[in-house]
Amino acid sequence: MAVSFAGKIPWLGRLPGDIYIKRENFSFYFPLATSILVSLLLSLILWLFRR
């Protein structure tokens, strides 16, 4: 579900804290800042629903 919305939010996956390493035959991408942001937003939404 979240993957289908990722294309509609242009900055998602390209935040300054995301780790991207590109070499000749190797590339590595870890969306650290994006993961933290999504986690905080989901926690806030769930907290609001539980109130």
Side-chain angles (χ1 to χ4, degrees):
M1 184 168 103
V3 175
S4 63
F5 292 116
K8 298 181 184 200
I9 304 172
W11 51 267
L12 188 64
R14 296 185 194 104
L15 294 176
D18 293 343
I19 299 169
Y20 183 67
I21 300 170
K22 186 174 182 180
R23 306 274 167 112
E24 289 180 19
N25 296 326
F26 175 76
S27 64
F28 176 76
Y29 176 72
F30 186 74
L32 182 64
T34 302
S35 300
I36 292 171
L37 181 65
V38 169
S39 175
L40 288 173
L41 288 173
L42 286 175
S43 296
L44 177 65
I45 290 169
L46 291 174
W47 178 78
L48 288 172
F49 277 122
R50 284 186 281 170
R51 285 184 80 205

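We find the CG-CG distance between L42 and L37 to be 9.5 Å, quoted to the nearest 0.5 Å. Expressed to the nearest 0.5 Å, how far CD1 of I21 lies from CZ of F26 amounts to 6.5 Å.
When the side chain to side chain contact (heavy atoms under 4.5 Å, CB included) test is applied to L40, the partners found at least two apart in sequence or on another chain are I36.
The minimum heavy-atom distance linking L32 with D18 is given by the pair N-OD1, 3.4 Å. Of all heavy-atom pairs spanning A33 and G17, the tightest one is CB-CA, 3.6 Å.
Residues V38 and L46 are members of separate hydrophobic clusters, defined by side-chain heavy-atom contacts under 4.5 angstrom among Ile, Leu, Val, Met, Phe, Trp and Tyr.
At least one donor-acceptor pair closer than 3.5 Å links the side chain of S43 to the backbone N or O of S39.
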